[in-house]
Amino acid sequence: MTVSKIIRAQRKFYESIKRIDNSSDSFSSKFGRRICSKSESSSSPSSDVVEVTDKFISVFTKQPFSSDNPQLINLVPKLTNKVVESVLNNFRSWKVAHLFFTWSSNQHGYKHTIYTYNAMASILSRARQIAPLRVLAHDVVDSRCFMSPGALGFLIRCLGNVGLGQEANMLFDQVKIEGLCVPNRYTYNCLLEAICKSGSADLVEMRLKEMCDHGWGYDKYTLTPVLQVYCNAGKFDKALRVFNEIYDRGWVDEHVFYILLVSFSKWGEVDKACELIKRIEDCNIRLNEKTFCVLIHGFVKESRMDKALQLFDKMKKSGFFPDVSIYDVMIGGLCVNKQFEAAFQLYYEMKESGKKPDMGILSKLISSCSDEGELTQLLKESWEDMDAKSMTLLCNSIMSIHVNNGSINKAYNLLQAMIRGETITDVGVGVLSSFKGKVSPNTTSFSIVINKLLKDGKLDLALSLFRDMNQIGCKQNVVLYNNLIDGLCNSNRLEESYELLREMEELGFEPTHFTLNSIFGCLCGRQDVVGALNLVRKMRVHGHEPWIKNTTLLIKELCKHGKAVESCRFLSDMIQEGYLPDIVSYSAAVGGLIDIQKVDLALELFRDICAHGCCPDVVAYNIIINGLCKAQRVAEARDLFNEMIMKGLVPSVATYNSMINGWCKSGDVNRGMLCLSQMYEKEREANVITYTTLIDGLCGAGKPDDALMLWNEMEGKGCAPNRIAFMALIQGLCKCGRAKQALVHLRLMKEREMKPDIFVYVALINAFCYELNSPLAFEILKEMVDEGNFPHPLDKNYSVIQDAILKLSEDSQTSSHVKNLIVEGSIPAIILSDSGSQSGSISSE
DNA sequence: CCCCTGTTTG
């Protein structure tokens, strides 16, 4: 193209703009819905154009197409932009249109204008032909085709509609730089819409600013895509700000509301959506059918059936007739939310309006029937819709109902009848027996019964049903295998579970983490370290993680049996296998070592945890701190206490309690009390254990009055003493020679219906004897034996009580009463004849 | 999901 040609073309371009802007209803003014060349919009195409159009169409639709077709060659001179536009719009297939378009591009003497490009773009956009559209957009720029702002807008919208927002954005700039078009507000609006569809909020913001800077101003069609892009990006605040501006300027319309409503619905903001609906109604705008449907779907998804029902009602009142799919959503939602009555109501309403509920709806209702009466009612209504497949579904529902009502036998019998192909009778739903065909069970049928049998511990029955599935060719699945394996593992039937595992693998079912962990758990419970490690290796192969609770179980089992050292070895073996144990498992091992008095080893392991990149938590610190306190190593415990605070961990009540116990047991109650005041400062609420520990400590230090004061403080703070607290106080007071005060608390304790242990009675009896108060000592003794309590001969309390009884039998105030008790058999006679040393001659009580 | 705190030296 020569320079003079460009100048001539440019002049032509500006003339055409002038022509367009002068015309009364230019396409660039408003929506640009339909674009065609100017000459055509004023009058219908001339008869000549119609004739040539028909000829082209006939040639291009005649198979096969050949560019050498003499008929076609004759037509070439008649090729004008008007003809091309007309021909393009009359093809039914986009492919043929594109063929014609490409062919015409190559004809000498012919050149596309923006109107022919746009006609093609529109066809490709509707047919969602993204690749050729992209090429077309390039061609437009390459051919240096001039265009009006409206025409550019149209092309941009064609691109935007198929998600080519980035391409539209590029085209916009290229066309501007090349001087092919001077975009106006409408063009910008189209661009914003296109970018919005590809979701780029930042780009929209940038272009919006650019257009304002150019002084184009903005209107409703500018802000609508801005609102949309913020909504799509979930930018709630920004979206609302834009909406308010639209609203304040009075630009709000149905579409704007629709955008916001759909977004609220998508974000699960049901209440905000409802508020907006009210506002819409205040504006006298009616929701359309699509909006109703979108909202109902959204509300149901949020389980807001109240609002969904309201909207559904509104929809009907607005004159829309809900179709089956909306009924399906509503009924489904109601069933899931257990609003069965409302679900059934909709079902009846649907039938009344002449709509036939499909199997989807029917199955939702059938599976929601909670009793046989409901089911019978439903069946009466829709019996004619039943086929063999729905009968299976129906039977499954009946079995579910039985299972949920605790009648597994009925469910089992029904399944058996199905397996044997017998007529279904006597299941409480009479109408079933009139079904003549065979009702085959499916996988769900078996799952319902097998899973319940497993829950009830009827493992063998479940297994035999599982075998029946093979027999009748019913598909098994991973979940069933998993549940059976889990059942076997819980019954410690390890070998059989291995067998099922092998079987499922042979059938091509990949074991899940659940499968392998069931077996792992069983091995852990059995303390089978070797088997557990082998299974961990298998997990590695399948890419599954051993569950912490199982690893911890093995550690705890080993520790329970004094094998804490072995448990440590297992932990390091796990690391070898590539699984770093959790702090919980480590803690269990630390606790195990402490239990066998290997506190130093425990400390070593505790330090190792950090070295392995695992961080001790508060509980882990609690275990080691308590271990040290119990081993009378309070100073070290205190250091660890400070260390955990340095690390930013917050000591729990248990931490404080352990420290308090440590101080008390090492004879430093004052430091224990200091801990309590620390707790008050740090607003860590002391519990009944804290007080019990301190009360015991105070009594042990010979401070019964302080103990009683603390007791009152405890109650004053609303912390109710339990039986351990009572027993600690009573025994502590006895130790301090406060038998009477101790007795008061025994009475209080019994009033609160707490039963003291024998040692409490023994402590009281002993204390009263020591005070030479035989009557009260005897009173407690009698109370104890009347309640059927007496220490076992091997119990330390036995010798204490023996001494007491000896004293009471020697005191004239009580001797006859003691004798009576012996005569009654409440006290073993042998107790007085024996010297007081328990030298093996006593066989039993 | 799993790890921790108090009363009885037996």
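Below, chain A is the first sequence line, B the second, and so on; all start at residue 1.
Atom-to-atom, CD of Gln632(A) to P of dT9(B) comes out at 14 Å; the value is rounded to the nearest Å. Regarding Asn797(A), its CG atom lies at a distance of 8 Å from the P atom of dG10(B), rounded to whole Å. Distance, Lys735(A) NZ to dT7(B) P: 10 Å, rounded to whole Å. Atom OH in Tyr586(A) sits about 18 Å away from atom P in dC4(B), given to the nearest Å. Rounded to whole Å, atom P of dT7(B) lies 11 Å from atom CG of Asn657(A). If you take NZ of Lys560(A) and C1' of dC3(B), they are 15 Å apart, rounded to a whole angstrom. Put simply, CG on Asp795(A) is 12 Å from C1' on dT9(B), counting in whole angstrom units. Rounded to a whole Å, the CD1 atom of Ile695(A) is 20 Å from the P atom of dT5(B).
If you check every strand for non-hydrogen atoms under 4.0 Å, Asp757(A) touches a base. At the heavy-atom level, Ala728(A) lies under 4.0 Å from the strands shown only through sugar-phosphate atoms. Thr693(A) comes within contact range of the sugar-phosphate backbone alone, with a heavy-atom separation under 4.0 Å but no base atom that close. At a threshold of 4.0 angstrom between heavy atoms, the contacts of Val688(A) include nucleobase atoms, whether or not backbone atoms are also involved. Contact annotation for Ile548(A): base contact, defined as any heavy-atom pair under 4.0 Å involving a base atom. Counting non-hydrogen atoms under 4.0 angstrom, Asp582(A) reaches nothing in the nucleic acid.
Considering only side-chain atoms of Asn626(A), the nucleotide from dC3(B), dC1(B), dG6(B) that sits closest is dG6(B). Checking dT7(B), dT5(B), dC3(B) against every side-chain atom of Gln731(A), the shortest atom distance belongs to dT7(B). Checking dT7(B), dC1(B), dG6(B) against the side-chain heavy atoms of Lys549(A) singles out dC1(B) as nearest. In the set dG10(B), dT5(B), dC4(B), the nucleotide with an atom closest to the side chain of Ile689(A) is dT5(B). In the set dC3(B), dG6(B), dT5(B), dT5(B) carries the atom at the smallest distance from any side-chain atom of Asn687(A). Set against dT5(B), dC3(B), dG10(B), the side chain of Val584(A) has dC3(B) as its closest nucleotide.
Ion pairing between Asp456(A) and Lys452(A) holds under the 4.0 Å rule for side-chain N and carboxylate O.
Ring to ring, Phe768(A) and Phe778(A) are not that close: their centroids are 6.0 angstrom or more apart.
Relative orientation of the Trp547(A) and Phe514(A) rings is perpendicular, given thresholds of 30° and 60° on the angle between their planes.
Secondary-structure annotation of DNA chain B gives no stems, with a stem taken as at least 3 successive Watson-Crick or G-U pairs whose two distances both fall under 3.5 Å.
The side-chain heavy atoms of Asn766(A) and Asp803(A), taken from C-beta on, include no pair separated by under 4.5 Å.
Dashed line: the shortest gap from a side-chain N or O of Asn661(A) to OP1 or OP2 of dG6(B) is under 4.0 Å. Between Lys556(A) and dC3(B) there is a side-chain polar atom (N or O) within less than 4.0 angstrom of OP1 or OP2. Side-chain N/O atoms of Lys630(A) include none lying less than 4.0 angstrom from OP1 or OP2 on dC4(B). Between Lys665(A) and the phosphate of dT9(B), there is no side-chain N or O to OP1/OP2 separation shorter than 4.0 Å.
Distance CG/Asp795(A) to CD1/Ile758(A): 6.5 Å, rounded to 0.5 Å.
A donor atom on one side chain and an acceptor atom on the other are not found under 3.5 Å apart for Asn661(A) and Thr693(A). Side-chain contact, Glu713(A) with Tyr691(A): no donor N or O sits under 3.5 Å from an acceptor N or O.
Interface remark: the Asn722(A) side chain does form a donor-acceptor pair with the dG6(B) base, using a distance-only criterion of under 3.5 Å. Judged by atom type and distance alone, Thr692(A) reaches the base of dG6(B) through a side-chain donor-acceptor pair under 3.5 Å.
The P atoms of dG10(B) and dG6(B) are separated by 15 Å, rounded to the nearest whole Å.
The neighbour count for Lys750(A) NZ, taken as heavy atoms of other residues, nucleotides or ligands under 6.0 Å away, is above 12.
Qualifying ring pair (Phe, Tyr, Trp, His ring centres under 6.0 Å) partners for Tyr761(A), counting only residues two or more places apart in sequence or in other chains: none.
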